Amino acid sequence: MTSEEIVSEIKRDYINRLAEVGRRIDGRAFNEYREIVVEKGVISTAEGSARVRIGGTEVVVGVKMDLGEPFPDTPNMGVLTTSAELGPLASPTFEAGPPDEKAIELARVTDRAIRESGAIDLQRLCIEEGNKVWVLFLDIYVLDYDGNMFDAAEYCALAALLNTTVPASRFDMGDDFKLEVERYPISMTFAKIENSIVVDPSLDEDNIADARLTVSIDEENRIRAMQKGLSGGFTVDEVKKIINTAMELAPKIRKKIVEA
Amino acid sequence: MTSEEIVSEIKRDYINRLAEVGRRIDGRAFNEYREIVVEKGVISTAEGSARVRIGGTEVVVGVKMDLGEPFPDTPNMGVLTTSAELGPLASPTFEAGPPDEKAIELARVTDRAIRESGAIDLQRLCIEEGNKVWVLFLDIYVLDYDGNMFDAAEYCALAALLNTTVPASRFDMGDDFKLEVERYPISMTFAKIENSIVVDPSLDEDNIADARLTVSIDEENRIRAMQKGLSGGFTVDEVKKIINTAMELAPKIRKKIVEA
Amino acid sequence: MTSEEIVSEIKRDYINRLAEVGRRIDGRAFNEYREIVVEKGVISTAEGSARVRIGGTEVVVGVKMDLGEPFPDTPNMGVLTTSAELGPLASPTFEAGPPDEKAIELARVTDRAIRESGAIDLQRLCIEEGNKVWVLFLDIYVLDYDGNMFDAAEYCALAALLNTTVPASRFDMGDDFKLEVERYPISMTFAKIENSIVVDPSLDEDNIADARLTVSIDEENRIRAMQKGLSGGFTVDEVKKIINTAMELAPKIRKKIVEA
Amino acid sequence: MGIKKEGIKLINEDGLRIDGRKPDELRPIKIEAGVLKRADGSAYIEWGKNKILVGVYGPRELHPRHLQDPTKAKVQCRYDMASFSVIDRKRPGPDRRSIEISKIIGEALENVIFTHQFPRTSIDIYIEVLEANAGTRCAGLTAASVALADAGIPMKDLIAAVSVGKVDGEIVLDLVKEEDNYGEADVPIGYVPRTGEVVLLQMDGDLSYEEFEKALNMGIEACKKIYEMQKDALKRKYVKVATEIVEEVE
Amino acid sequence: MGIKKEGIKLINEDGLRIDGRKPDELRPIKIEAGVLKRADGSAYIEWGKNKILVGVYGPRELHPRHLQDPTKAKVQCRYDMASFSVIDRKRPGPDRRSIEISKIIGEALENVIFTHQFPRTSIDIYIEVLEANAGTRCAGLTAASVALADAGIPMKDLIAAVSVGKVDGEIVLDLVKEEDNYGEADVPIGYVPRTGEVVLLQMDGDLSYEEFEKALNMGIEACKKIYEMQKDALKRKYVKVATEIVEEVE
Amino acid sequence: MGIKKEGIKLINEDGLRIDGRKPDELRPIKIEAGVLKRADGSAYIEWGKNKILVGVYGPRELHPRHLQDPTKAKVQCRYDMASFSVIDRKRPGPDRRSIEISKIIGEALENVIFTHQFPRTSIDIYIEVLEANAGTRCAGLTAASVALADAGIPMKDLIAAVSVGKVDGEIVLDLVKEEDNYGEADVPIGYVPRTGEVVLLQMDGDLSYEEFEKALNMGIEACKKIYEMQKDALKRKYVKVATEIVEEVE
């Protein structure tokens with residue numbers, strides 16, 4: 001065993017013993033988020049942007065738009081493209097290079113929360129059916145990884161969209177206009193550590209979690225996306241309890257993001 | 001020496017001693033193929049498809065077609081594109097990843113047997129000279145590798161082409177029509193192991209072969225393609241003997257593939 | 001320490017001791033180039049080509065031209081694209097594969113010397129504003145690396161351009177015509193080894209150099225490009241002295257390249 | 001979930017779906033174990049029009065060495081779609097979708113494998129989709145479990161998987177392609193019958209809490225049926241092997 | 001250097017530049033040290049409209065092992081521009097320009113790091129440009145020096161860097177984007193105040209010897225001012241840390 | 001083999017080919033050994049309009065170590081065409097054609113190298129085609145043999161190689177580009193004179209048994225001539241080296 005593994009083993013024991021008595025390593029309640037800080041409009045070269053911090057985790061999202069062609073099977077819809085970069089400055093375990101499976105999962109999970117909730121009405125981004133549409137690039141940069149990057153990325157993506165102005169004049173397509181955001185999906189991530197389930201896992205909790213479940217809830221309390229991760233499993237009751245907790249937590253977080 | 005190398009060494013000796021007395025490790029004659037099983041039309045999403053087994057080697061080929069532009073130097077010809085994937089499930093020595101030199105050689109040797117024999121009249125795949133042609137993708141997937149994948153791939157490619165319907169209606173180009181196959185090239189692969197030459201090498205034979213020669217013969221007994229592999233050499237007499245044997249074996253194999 | 005490192009250490013000491021008494025390992029003066037051999041028109045498939053040797057370093061540059069679209073921000077200018085291949089035959093330390101940071105730096109430094117000096121008037125390579133322009137590929141192949149590839153590449157690029165005929169007739173664009181070269185930038189590379197500075201570093205000098213400075217001077221004695229490399233630093237006086245030396249050396253080298 | 005097209009009716013007045021199934025009815029499923037010669041374990045599944053082949057290798061030494069885990073085997077999964085498995089040809093090789101699916105299937109399978117028995121090794125699962133018609137990740141996971149068992153790799157149970165969805169406002173089992181394209185939600189579920197745990201769970205679309213609950217229950221009930229088919233496939237394989245041995249001995 | 005467009009005047013009759021600065025005036029610069037939680041050292045710089053974040057890791061063991069240098073640490077730098085940092089979206093990942101810049105910044109930083117104290121390790125500097133407006137390589141190098149110091153890596157000095165250029169025939173300090181696009185020369189300079197050495201130097205455009213000399217001097221004078229800002233940033237960081245410690249103790 | 005264009009006549013009424021050669025006549029061939037300073041061995045060949053440079057390194061330690069063969073040297077060949085070696089510019093770097101050619105040339109060369117004398121090493125052959133006009137794989141293999149000998153690598157013989165083809169219905173030696181494009185068959189042959197073995201053999205097109213036999217014989221006869229040129233090139237090199245040594249001693 002390396003010293004790192006021993007520390008991890010000790011930490012795991014400690015976190016588990018705390019959990020048995022209903023406590024978390026940083027003193028939070030099981031259903032309590034760390035402080036969430038949202039800042040919009042941080043990048044002036046972007047069509048829309050935001051910076052979100054959840055505890056020590058920091059994400060920046062920039063929206064860029066360009067003209068392009070629609071996909072053949074959706075000729076009357078704009079194109080939404082989501083990417084995620086796990087910057088090597090964000091964690092000693094992130095490596096420079098093309099997006100790996102972790103970055104791809106983050107991009108796709110964030111994309112689904114936005115896309116499947118209908119946050120953006122892609123039909124409004126169609127300019128000329130079958131020929132010309134707006135392409136919206138939603139690029140997520142994780143800059144500091146201190147646990148729970150799924151939620152930070154999703155809040156930041158939503159905030160950046162809320163901040164986006166379609167740069168029509170730059171492309172000789174008339175006046176610029178605000179991008180309309182139709183739905184406000186909020187993702188909430190839960191980690192299962194032995195027999196306890198915590199929301200917004202910190203880095204230590206993320207590192208030792210057995211299972212992870214991310215649930216996205218819209219403003220009508222409907223489920224819009226879910227993603228289970230890691231090798232652990234959830235019982236049916238655990239899944240239901242998680243969804244109920246998510247439905248309780250979503251409104252307050254949504255308010256913070258919308259009003260930032 | 002690793003235990004694997006020792007086994008290989010012992011096997012080599014054993015195969016060589018058998019060869020001296022005119023026998024092969026699996027009891028076949030030197031010019032005898034393992035059982036060949038051909039099944040056409042196995043994939044309904046493909047324009048044409050086939051599955052071929054030679055002994056334990058299994059290959060699936062699917063044909064897909066699309067509209068595209070011709071190459072500038074052949075403005076009145078369709079485009080044939082052949083690829084091969086050595087699936088990592090097919091052998092413990094195949095690795096996931098982009099095609100390596102073995103896969104590329106397999107694709108190119110199969111492509112030449114089909115192309116150089118004129119099996120497909122590419123001019124018939126021209127729709128509008130210089131502008132619009134059919135692109136035919138011939139994709140070879142090796143699923144189980146038990147020796148002699150060159151022949152399995154070529155038979156499977158030919159069988160898939162024989163099974164192909166050009167999907168004209170899907171592209172608003174009129175009625176679907178059968179792809180015409182003009183020539184029936186049959187590839188036969190020979191392995192030289194010390195001083196004996198065997199056709200259709202099994203996995204053990206492939207592994208210890210000194211040299212390999214693949215010969216493609218068409219239905220008029222003309223040579224259409226050849227490919228020598230591995231570091232061993234052939235004498236001129238050996239090359240001639242191989243071609244003669246190939247010419248003897250081809251008709252029976254061709255019949256099996258055409259009539260499947 | 002490996003034996004290689006020990007040799008390198010000994011060589012370094014030797015070169016430094018020589019430098020203290022004003023000498024270089026191959027007997028040259030500090031401001032003396034090795035023999036420069038320039039040959040133009042060596043590749044008949046290229047629009048223009050040259051081979052340059054500086055001592056044992058050998059570079060071939062070929063110019064290829066094609067029709068293409070201009071960049072959106074320079075609609076009335078042709079496109080110049082420079083690449084460099086450090087062939088693995090050129091040095092035991094060069095590896096096969098896509099251009100690494102050394103090859104990219106070589107290509108970009110050569111490109112800047114040519115481009116920033118206005119050696120080619122890219123506006124003359126415009127055929128139809130915003131639509132159709134000549135694309136000029138300047139491809140540098142380093143074939144033998146014996147020190148100072150920056151200068152060899154730049155001389156060879158300039159010589160190849162001086163040898164270039166625009167292949168208009170091949171593209172049905174009228175008669176072929178000579179590419180006009182408007183400026184004759186000459187790059188000169190200096191290496192700092194401990195406290196001495198030498199021009200045209202040999203391989204041994206390149207290997208132990210602390211810092212490198214390449215300066216490009218045009219025929220009106222104006223500075224057109226510079227690139228400092230390696231981790232060592234130059235004092236302001238050293239930089240000035242290098243530029244002065246470069247200005248002295250440039251005319252003779254330019255003559256050799258232009259008249260070859 | 002795609003865009004609902006006007007006028008497309010996915011459930012008819014008799015409550016039947018476009019392929020004639022009832023809402024909680026599975027497509028026909030055929031599983032065969034031990035179909036490949038070279039792989040340590042293998043399985044072939046036909047699930048509706050899906051055709052999927054799985055080969056398993058391992059436990060085997062993991063290269064390069066610095067990726068080895070000294071405490072357990074590394075479960076590596078590669079889900080791949082053949083270029084001709086879909087109507088619009090797919091470029092060979094992994095895309096973002098297949099990389100994500102490989103990751104979540106691999107994580108699910110790690111749940112049931114006794115990885116700690118094989119430190120420093122890898123267990124490699126290769127899923128090749130030869131023909132696709134919605135539900136390939138669940139079919140692939142189902143077949144992969146059988147292939148792992150066929151390879152003799154110690155497992156605490158098999159995983160059965162199925163997708164549940166919402167179509168024309170109704171919760172239905174095991175979506176076919178048109179339902180996936182024009183439906184309102186899709187919930188792939190991977191379930192371990194012996195522990196009652198959900199080990200694969202994704203969802204996209206639009207579901208109320210009650211709808212989700214119904215979907216989850218419907219999926220788990222179906223997984224129990226699929227589980228029986230998986231065990232049957234393994235039994236048939238062992239009977240076949242045993243018969244062959246007996247025949248050889250005789 | 002781009003093509004000078006007719007009619008674009010970059011310096012007005014009062015001798016002021018398009019953003020109102022005098023020829024030898026820097027844009028506003030804000031440097032903050034220790035802004036990231038995970039990195040061993042970090043810095044954030046706002047320089048005009050440039051916004052750049054730098055994280056440093058190391059000295060740490062270098063993998064794979066055969067890349068280790070038994071005599072010193074390997075200084076590895078990665079300069080990256082975020083896709084949204086420029087008006088025309090940049091594809092994520094390295095291009096040829098960023099690979100060259102990474103190389104020359106890394107070489108410059110190696111000058112000031114006591115690499116021989118840490119054989120077989122790597123010191124990794126990650127520069128992320130969040131918003132760009134000319135001069136990012138100099139701003140990045142300036143911030144990277146602060147981040148290295150913040151990481152506690154032994155250095156002989158900080159590097160201060162700035163670009164000097166020629167615009168409308170005049171030598172001016174610290175080009176803004178329009179000046180970079182339509183100016184006549186650009187000279188990025190990295191300077192080590194303690195040794196008086198130039199460790200980063202590039203140039204493109206058209207300069208006489210006298211113009212270059214003036215540019216070099218102007219750049220070095222500016223570097224001395226930037227150096228003070230770098231030291232201030234580090235001081236503020238240590239005061240802040242010290243205050244926190246005191247507060248914790250109380 | 002390309003498509004025969006109507007009206008193109010590749011052999012005239014006198015039985016001569018478009019470049020004036022007789023059917024069994026080689027193009028002019030010039031081989032020079034020892035042309036590179038850094039490579040352990042090298043050769044340059046001009047064969048008609050083909051211009052090819054070969055550099056050889058090795059035997060040298062093979063990295064990474066797990067690729068080493070404990071019983072013999074690994075022969076690694078890289079055949080590369082310069083971007084400007086053909087009329088339509090080729091993207092730099094390997095394509096599928098050059099990967100296949102690299103493989104078969106490397107396999108052929110392995111035949112003649114005493115690889116078992118150098119376990120755990122690699123012998124690297126780099127073939128750079130500077131100008132191409134049909135027959136580059138044979139010219140490259142011919143030159144590579146000389147470069148290996150120049151490197152002092154123990155070999156049982158040189159390999160001589162040439163292409164034979166069919167043009168306007170006739171078997172002809174050493175195809176030029178137009179013959180390759182519009183001819184009816186192409187048979188590249190690599191031959192080891194001392195053992196009489198064919199170590200490289202490919203064919204595409206349309207040949208009867210008798211035609212193939214004729215082509216093979218014609219190719220082998222030509223290889224014997226090329227073999228003499230190879231030996232000459234090596235002799236010239238050693239005479240030159242010897243002369244230089246003598247001169248140095250004097």
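Source: prediction; values computed, not measured. So you know, we letter chains A, B, ... as the sequences are listed, proteins then strands, and number each from 1.
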Visitor: Could you tell me whether the side chain of D:I87 reaches within less than 4.5 Å of the side chain of B:R170, counting heavy atoms only?
Guide: yes
Visitor: B:G56, B:A90, B:S83: which one forms the most heavy-atom pairs within less than 4.5 Å of chain D?
Guide: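 Sorted descending by pairs with chain D, the first entry is B:A90.
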Visitor: Take atom CZ of B:R23 as the centre, draw a 6.0 Å sphere, and report whether it contains more than 12 heavy atoms from other residues, nucleotides or ligands.
Guide: no
Visitor: Flag the one option from D:A147, D:G55, D:A82 with the top tally of heavy-atom pairs under 4.5 Å to chain B.
Guide: D:A82
Visitor: Taking side chain as everything from C-beta outward and backbone as N, CA, C, O, which of these in B:R51 sits under 4.5 Å from a heavy atom of chain D? Side chain, backbone, both or neither.
Guide: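 Contact with chain D is through the side chain of B:R51 alone.
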Visitor: Select one option (side chain, backbone, both, neither) describing which atoms of D:R78 are under 4.5 Å from chain B's heavy atoms.
Guide: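 Answer is side chain: those atoms of D:R78 sit under 4.5 Å from chain B.
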Visitor: Show your reasoning for whether side chain to side chain contact (heavy atoms under 4.5 Å, CB included) applies to D:K37 and B:L203.
Guide: CA-CA 11 Å; D:K37 180 160 184 187; B:L203 182 64; over 6 Å; no
Visitor: Kindly compute the distance separating CG (D:N133) from OG (B:S44), expressed to the nearest 0.5 Å.
Guide: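 D:N133 CG to B:S44 OG: 8.0 Å, rounded to 0.5 Å.
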Visitor: Can you tell me how far the CG atom of D:D88 sits from the NZ atom of B:K64, to the nearest 0.5 Å?
Guide: 7.0 Å
Visitor: Verify the neighbour count for atom NZ of D:K156: are there more than 12 heavy atoms of other residues, nucleotides or ligands below 6.0 Å?
Guide: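 Correct, the count exceeds 12.
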Visitor: Apply side chain to side chain contact (heavy atoms under 4.5 Å, CB included) to the pair B:V42 and D:K51, showing each step before the final yes or no.
Guide: CA-CA 10 Å; B:V42 295; D:K51 296 195 177 85; 5.8 Å; no
Visitor: Excluding sequence neighbours, so at least two apart, what forms side chain to side chain contact (heavy atoms under 4.5 Å, CB included) with B:D66?
Guide: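 For B:D66 the side chain to side chain contact (heavy atoms under 4.5 Å, CB included) partners, ignoring immediate neighbours, are B:F137, B:F171.
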Visitor: Return the set of residues passing side chain to side chain contact (heavy atoms under 4.5 Å, CB included) with B:E35 (not counting sequence neighbours), or none when no residue passes.
Guide: B:V37
Visitor: Give a yes or no on whether the backbone of D:E131 and the side-chain of B:T45 come within a donor-acceptor separation of less than 3.5 Å.
Guide: no
Visitor: Count the heavy atoms belonging to other residues, nucleotides or ligands that lie under 6.0 Å from NZ of B:K11, then report whether that count exceeds 12.
Guide: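 No, because the 6.0 Å sphere around NZ of B:K11 holds 12 heavy atoms or fewer from other groups.
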Visitor: Ignoring hydrogens, what is the shortest heavy-atom contact between B:V61 and D:F84? Give both atom names and the distance.
Guide: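 Closest pair (atom of B:V61, atom of D:F84, distance): C-CE2, 4.1 Å.
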Visitor: Which atoms of B:L143 are under 4.5 Å from chain D, going by heavy atoms: the side chain, the backbone, both sets, or neither?
Guide: both
Visitor: Sort out for me which residue in D:L53, D:D80, D:V56 forms a side chain to side chain contact (heavy atoms under 4.5 Å, CB included) with B:L89.
Guide: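 Among D:L53, D:D80, D:V56, the one meeting side chain to side chain contact (heavy atoms under 4.5 Å, CB included) with B:L89 is D:L53.
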Visitor: For D:K240, is the NZ atom crowded, meaning more than 12 foreign heavy atoms sit under 6.0 Å from it?
Guide: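 Not more than 12 within 6.0 Å, no.
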Visitor: Given heavy-atom pairs under 4.5 angstrom as the criterion, report whether the side chain, backbone, both or neither of B:P92 touches chain D.
Guide: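 The answer is both parts of B:P92.
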Visitor: For B:S187, check side-chain hydrogen bond (donor to acceptor under 3.5 Å, both in side chains) against everything at least two apart and list the hits.
Guide: B:S216
Visitor: Quick check: are there more than 12 heavy atoms from other residues, nucleotides or ligands sitting under 6.0 Å from NZ of B:K40?
Guide: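 Enclosed.
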Visitor: What pair of heavy atoms forms the shortest contact from B:S91 to D:R38, and how long is it?
Guide: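 The answer is OG-NH1, 4.0 Å.
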Visitor: Report, by ascending residue number, the residues of residues 93-128 of chain D in heavy-atom contact with chain B at a distance under 4.5 Å; give 'none' if the set is empty.
Guide: D:Y126, D:E128
Visitor: Under 6.0 Å from the CZ atom of B:F71, do we count more than 12 heavy atoms belonging to anything else shown?
Guide: no
Visitor: What is the minimum heavy-atom distance between D:P92 and B:Y141, and which atoms define it?
Guide: CB-OH, 4.0 Å
